[in-house]
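All remarks here apply to the structure that follows.
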Amino acid sequence: MATTTVLADGLLSGEDRAGLLRYLLMMRLVEERGNNLYKQGKIPGSFYDGRGQEAIGVGATWALAGADALCSPLIRDLGAHLVRGTDLADVFRHYMGRENGLSHGREGNVHIGDRNLGVVGMVSMLPDMMVVAVGLAMAFKMRAEERCALTFFGDGATSRGDWHEAMNWAALDNLPVIFILENNNLAYSTPTSRQFAVNPVARAAGYGIEALTVDGNDVEAVFAAVHGARQRALAGEGPTLIEAQTMRMHGHGAHDDASYVPKDLLEHWAGRDPIDRYAKVAAEAGVDVEAVRAEVLAEIDGAVELALQAPMPDPATATTGVFCEGEPEPLGQGPSRWSGFASRPAEPVSA
Amino acid sequence: MATTTVLADGLLSGEDRAGLLRYLLMMRLVEERGNNLYKQGKIPGSFYDGRGQEAIGVGATWALAGADALCSPLIRDLGAHLVRGTDLADVFRHYMGRENGLSHGREGNVHIGDRNLGVVGMVSMLPDMMVVAVGLAMAFKMRAEERCALTFFGDGATSRGDWHEAMNWAALDNLPVIFILENNNLAYSTPTSRQFAVNPVARAAGYGIEALTVDGNDVEAVFAAVHGARQRALAGEGPTLIEAQTMRMHGHGAHDDASYVPKDLLEHWAGRDPIDRYAKVAAEAGVDVEAVRAEVLAEIDGAVELALQAPMPDPATATTGVFCEGEPEPLGQGPSRWSGFASRPAEPVSA
Amino acid sequence: MATLTYLEAISDGLREMLRDDERVFVMGEDVGAFGGAFKVTAGMVEEFGPERVRDTPIAESGIVGTAVGAAVAGLRPVCEMQFADFVACGFDQIVNVAGKMHYRLGLAVPIVVRLPSGGGFGGGPFHSQNPESWFMQAPGLKVVAPATPEDAKGALIAAIQDPNPVIYLEHKNLYRRIKGEVPEGIYETPWKARVAREGSDLTVVAYGQMVHTALAAAEQIDASIEVVDLRSLVPLDEEAILASVAKTSKALVLDEANQTCAAGAQVAALIADRGFEDLDGPVRRLATPDVPIPFSPPLEAAVLPGVEQVKEACLELLDY
Amino acid sequence: MATLTYLEAISDGLREMLRDDERVFVMGEDVGAFGGAFKVTAGMVEEFGPERVRDTPIAESGIVGTAVGAAVAGLRPVCEMQFADFVACGFDQIVNVAGKMHYRLGLAVPIVVRLPSGGGFGGGPFHSQNPESWFMQAPGLKVVAPATPEDAKGALIAAIQDPNPVIYLEHKNLYRRIKGEVPEGIYETPWKARVAREGSDLTVVAYGQMVHTALAAAEQIDASIEVVDLRSLVPLDEEAILASVAKTSKALVLDEANQTCAAGAQVAALIADRGFEDLDGPVRRLATPDVPIPFSPPLEAAVLPGVEQVKEACLELLDY
Ligand SMILES: Cc1ncc(C[n+]2csc(CCOP(=O)(O)OP(=O)(O)O)c2C)c(N)n1
Ligand SMILES: Cc1ncc(C[n+]2csc(CCOP(=O)(O)OP(=O)(O)O)c2C)c(N)n1
Ligand SMILES: [Mg+2]
Ligand SMILES: [Mg+2]
């Protein structure tokens with residue numbers, strides 16, 4: 001399918017490019033380390049990664065201001081959490097089921113969400129969080145706040161009823177919400193040819209939603225598309241659906257050898273690896289790629305160290321916190337990464 | 001919106017026209033009688049009618065062969081049950097909660113469905129039965145049977161997730177199912193402007209579904225559209241979505257004075273009453289309209305007589321039949337009304 | 001104190017909260033200009049405007065899911081299901097998203113889902129259900145089922161002010177049938193049972209419409225019957241139930257819901273465990289048998305527990 | 001008789017029925033070439049083809065609803081939910097469409113919905129649930145929860161041959177952990193409880209994984225413990241439960257599900273009513289407290305009933 005290339009030229013500074021590369025590498029390297037820890041039995045349950053899809057979570061989140069809500073990054077979107085500033089040691093403690101600041105061991109794998117950074121963690125039921133993101137956008141609009149909500153979902157998730165209820169609702173109320181369709185050609189073992197007869201992007205106009213398709217392995221293209229969608233959202237022009245075309249390069253989870261995936265498809269996409277591609281761009285922009293990689297690896301080593309020393313959660317806490325007692329803690333805010341925000345920093349918006 | 005006029009010319013005989021008029025009148029007159037009986041307290045619960053929408057259920061069902069499944073006529077579609085041959089006395093016994101052959105008093109108002117005539121009665125949850133109709137079509141295709149399933153839903157029902165799951169599934173498996181969108185401008189008190197930003201018909205292509213819009217108050221246009229959709233279905237060309245544009249001329253139910261409906265809108269549609277319009281067509285085709293009306297009224301008088309004499313259900317039966325014991329009774333078949341079927345009568349299809 | 005119907009009391013509580021707290025808003029099908037299928041929100045769009053009294057598409061999952069999002073953003077949504085029966089269409093968002101969010105991530109979800117529930121007026125299989133126990137079984141949800149106008153208002157206010165998702169059952173057959181004194185202003189009904197009638201020979205545990213059935217039956221029995229109105233199902237006031245049984249040593253538990261795994265099963269199991277030593281007879285239950293609610297009046301009357309059946313069950317237990 | 005794992009026994013039963021009855025087909029997410037998330041349908045698409053082993057979109061309501069339609073058309077669909085937890089997304093089609101159709105219209109709905117359920121392996125809040133009581137509470141559904149390979153095969157065959165909608169719970173933590181002798185060919189496990197262990201001092205009522213927990217505990221107690229394996233939850237074998245309690249006069253009821261309104265509440269309430277005169281002690285219950293199932297192993301272990309807790313509860317009740 002034809003992809004629209006939204007040029008990021010002029011939008012991104014050298015620091016932006018260094019930052020984008022840093023988080024692309026961080027996601028890749030954290031997940032590689034996670035896979036090893038899982039194989040060593042240090043991570044219980046299951047392990048999921050987003051290899052090959054790093055540019056989507058990273059590029060999209062880079063375009064958000066701190067007051068915008070992420071609801072929710074899914075299992076291919078660790079990069080969104082990292083760009084948002086989620087503590088690396090907490091990520092590993094969470095993976096390992098140790099006591100941690102994200103879920104205290106109540107959640108696992110990529111079911112991460114730091115509410116203090118304006119992130120609402122995912123639920124497994126796909127794509128339930130899309131509807132919740134629409135609700136956040138509804139609240140932002142009701143309070144006339146300059147913020148939007150962004151949600152991710154896969155090609156497979158588009159088949160469920162909640163996808164439709166969210167699309168129709170967002171269009172009807174013309175809400176500031178950004179829908180990111182991560183089309184990675186697969187839903188577990190199911191190819192998109194067994195998921196839909198026509199790519200769901202073609203339905204957007206039928207709801208009254210602006211849509212575009214971008215190269216999901218081009219972090220700057222993803223950034224630019226989300227940047228544009230955010231401007232539309234804040235200008236009161238309503239929701240945007242962005243299809244990011246990509247490929248799931250690993251199995252559905254660590255347990256899945258993905259032998260059902262055609263080799264040539266994987267080869268085709270291996271040649272379009274988002275990190276290799278961006279390393280070139282960043283290098284040309286003067287970024288010392290190897291230095292960044294070394295720095296990130298050192299951070300990861302330190303984080304894993306801390307995680308391995310962390311205690312397991314106290315069993316006595318297993319039954320606490322089902323209900324909220326007292327005043328709810330508000331959803332917090334994240335950093336505004338894009339250099340373009342420097343001019344207008346994200347102040348806490350009136351709530 | 002522009003409506004496609006599918007010409008029925010050449011398809012319909014004089015008997016077809018007499019029959020169409022007969023059932024249009026029957027639905028109108030049965031519901032008028034029902035409303036009176038309800039006001040007299042002879043019908044418990046609530047009462048719903050499809051005044052102004054008679055052409056849709058009647059015209060659509062006229063185009064079906066006896067082996068095709070109706071799943072399901074909704075509360076505006078009594079005409080579909082009547083064309084299918086549902087016993088008039090049973091309809092009134094059912095309305096009145098008397099012992100009857102349709103539901104034995106377990107169901108009420110237009111929650112009718114005679115399984116022996118190939119009709120699956122509706123549930124209230126909208127549009128659940130659309131998904132069930134897709135399942136019937138899936139079975140027909142799996143068994144390579146020459147039959148299709150037809151389902152009705154309103155403009156409001158298109159907002160629910162099940163609408164989407166049914167549309168996507170039918171398109172993906174290219175199933176012999178016909179979707180009738182009854183756009184009567186209202187969902188209870190809610191105008192379509194609060195239901196969707198874009199008419200759902202515009203989404204059909206995004207699923208890979210053929211769609212057309214017809215004048216829902218023109219019984220022959222509805223017949224012709226469904227006839228065409230049925231030919232596509234049996235030819236293996238998959239599902240069709242037909243929007244029938246019409247107007248709900250009464251309140252949502254007998255309890256609702258519909259004061260929220262703009263007067264001029266009602267006046268506009270009053271001038272396009274499907275029965276007045278078709279009475280002219282039929283008269284020109286040589287049908288003695290008044291004779292038909294008198295005949296139908298006599299049938300209704302007789303049916304109401306029988307119903308008023310019928311006993312209430314035996315309370316001892318209230319707890320029986322929750323589970324099926326023994327072999328399930330198969331879904332039956334209805335008559336093939338359209339004269340064009342005379343050449344190839346509907347034999348029981350291999351099951 | 002004004003005398004209001006159960007329905008007017010619900011409206012009054014909702015209106016008070018809309019006036020008092022700008023974070024509160026109500027949404028559902030036809031709740032705006034039409035005032036809702038039962039007129040609970042009549043006049044509200046005129047007073048508070050369409051932003052705070054929102055007509056929605058027919059999308060129960062959308063209603064609950066967007067409410068969760070709005071609540072996480074700091075608002076206090078009150079969702080109306082047009083009939084309790086349709087909550088099955090929004091079930092997943094309630095049990096999987098709303099109910100688990102605080103435990104998993106520390107995010108509170110202060111939403112109220114109003115369920116016009118129950119039978120007794122020829123509503124048939126899809127307009128008569130009592131789905132409370134589905135939500136009692138799912139962790140993280142509070143569940144209330146007031147029986148009187150005073151509690152209907154106070155429990156709704158308590159539900160809206162609670163930081164957790166609350167399933168609020170309002171019985172359709174009490175809407176206009178039951179009147180009572182209702183305090184002015186804002187007050188909260190405690191999440192506790194109340195003794196609706198003092199007695200010493202037998203305890204009848206009930207909630208919602210069944211409280212009135214129990215009281216009517218008690219009037220016709222010449223023995224001292226205590227009627228405990230649970231009011232809140234989650235949290236369940238176990239001490240109040242056990243205290244009454246300790247006093248009477250006999251218990252009859254009522255449900256209008258289908259009997260298997262109903263709220264009454266939980267109450268009876270509680271009494272059989274922690275109240276065992278106080279019992280002088282079996283823990284009896286009366287509930288709707290496991291059938292869909294039939295439409296025809298004689299059939300419906302045959303399945304819903306009525307005053308006569310409650311009386312019989314009480315007399316039998318008193319003779320035990 | 002071959003020795004099969006619980007999982008192999010389920011596959012075996014499904015394969016037998018696919019061979020025996022051309023009306024039978026299976027559908028679900030990834031059940032085709034991939035063989036299902038747990039490999040229950042491995043090899044089946046090769047033997048029966050994609051028409052009878054159907055990969056579906058991610059659409060649980062679509063899976064159940066189309067199954068209802070296919071069943072009404074005369075087929076015998078077997079639906080796989082990838083995890084039991086996702087059944088909440090198809091809930092409405094099960095309780096409102098499938099469960100009520102025969103009572104309302106005389107149309108049978110012979111579908112089976114397979115639910116890989118339960119915890120114990122770090123699945124977390126969305127991959128560990130035991131949703132059986134939601135379906136027990138909804139009229140018109142049968143519910144089975146086999147504990148052994150022999151019953152897993154026989155109950156699945158019985159479910160497929162039954163003319164009603166059946167919710168079939170297969171416990172993920174038994175899949176590969178439990179092996180046993182399984183008869184060849186087609187046979188039906190009766191919709192009745194079975195005495196898994198004979199005893200005279202105390203009855204433990206359990207189903208699914210908890211049967212094995214109960215048996216392990218019983219081995220470590222020097223008293224005569226009877227373990228009743230319910231196998232079927234709807235219909236519930238009330239006579240078998242009461243007969244065992246009549247023999248032992250003491251009862252402990254186990255659930256892996258969250259405790260409120262769980263299957264065990266229904267069983268305990270039954271014993272407290274019809275078994276009251278046989279009781280020499282309170283009807284005790286052990287279940288998962290009302291919390292989502294946490295991911296971290298020590299937390300999960302703290303909430304799921306284990307052998308130790310069952311032992312303690314038995315000993316306490318024996319001393320009563
Ligand atoms: C409602 C629901 N049904 C089933 C599942 C089980 N499941 C987990 S991931 C997955 C595939 C999702 O595919 P897609 O949406 O394309 O996301 P991807 O894994 O490709 O990123 C499935 C079926 C689920 N999470 N939610
Ligand atoms: C899932 C669901 N939610 C709510 C209702 C309550 N309800 C009954 S009819 C109706 C309006 C339906 O509008 P539409 O689909 O346009 O059909 P119409 O009545 O106009 O024929 C509503 C909201 C329902 N039946 N199902
Ligand atoms: Mg995918
Ligand atoms: Mg309508």
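Letters go in sequence order (proteins before strands), and every chain restarts at 1. None of these values were measured; they are calculated from a predicted model.
In this structure, C:Q137 contributes its side chain and D:C261 its backbone to no donor-acceptor pair below 3.5 Å.
Between chain D and the options C:Y103, C:F86, C:W134, heavy-atom pairs under 4.5 Å are most frequent for C:W134. Between chain D and the options C:R285, C:R104, C:R274, the largest number of non-hydrogen pairs under 4.5 Å is found for C:R104. Heavy-atom pairs under 4.5 Å with chain C peak, among D:S61, D:G281, D:G124, D:P294, at D:G281. Taking chain C as the reference chain and counting heavy-atom pairs below 4.5 Å, the highest number among D:P131, D:G90, D:G140, D:A262 is found for D:A262. Considering only heavy-atom pairs separated by less than 4.5 Å from chain C, the leading option among D:V87, D:V234, D:I94, D:N96 is D:N96.
Closest approach of C:Q266 to D:T260, counting heavy atoms only: OE1-CA, 3.3 Å. Here the closest heavy-atom approach between residue D:A88 and residue C:D92 is recorded as O-CB, 3.6 Å. Closest approach of D:P125 to C:K100, counting heavy atoms only: O-NZ, 2.9 Å. Across all their heavy atoms, C:V283 and D:D273 have their closest contact at O-CB, 3.2 Å. Looking at every heavy atom in both residues, D:A268 comes nearest to C:A269 through CB-CB, 3.7 Å.
For a residue to count as touching a neighbouring chain, one of its non-hydrogen atoms must lie under 4.5 Å from one of that chain's; by this rule C:L270 does not touch chain D. In this structure, the portion of C:Q129 lying under 4.5 Å from any heavy atom of chain D is its side chain and not its backbone.
Contact check for D:V95 versus C:F91: no side-chain heavy atoms found under the 4.5 Å cut-off.
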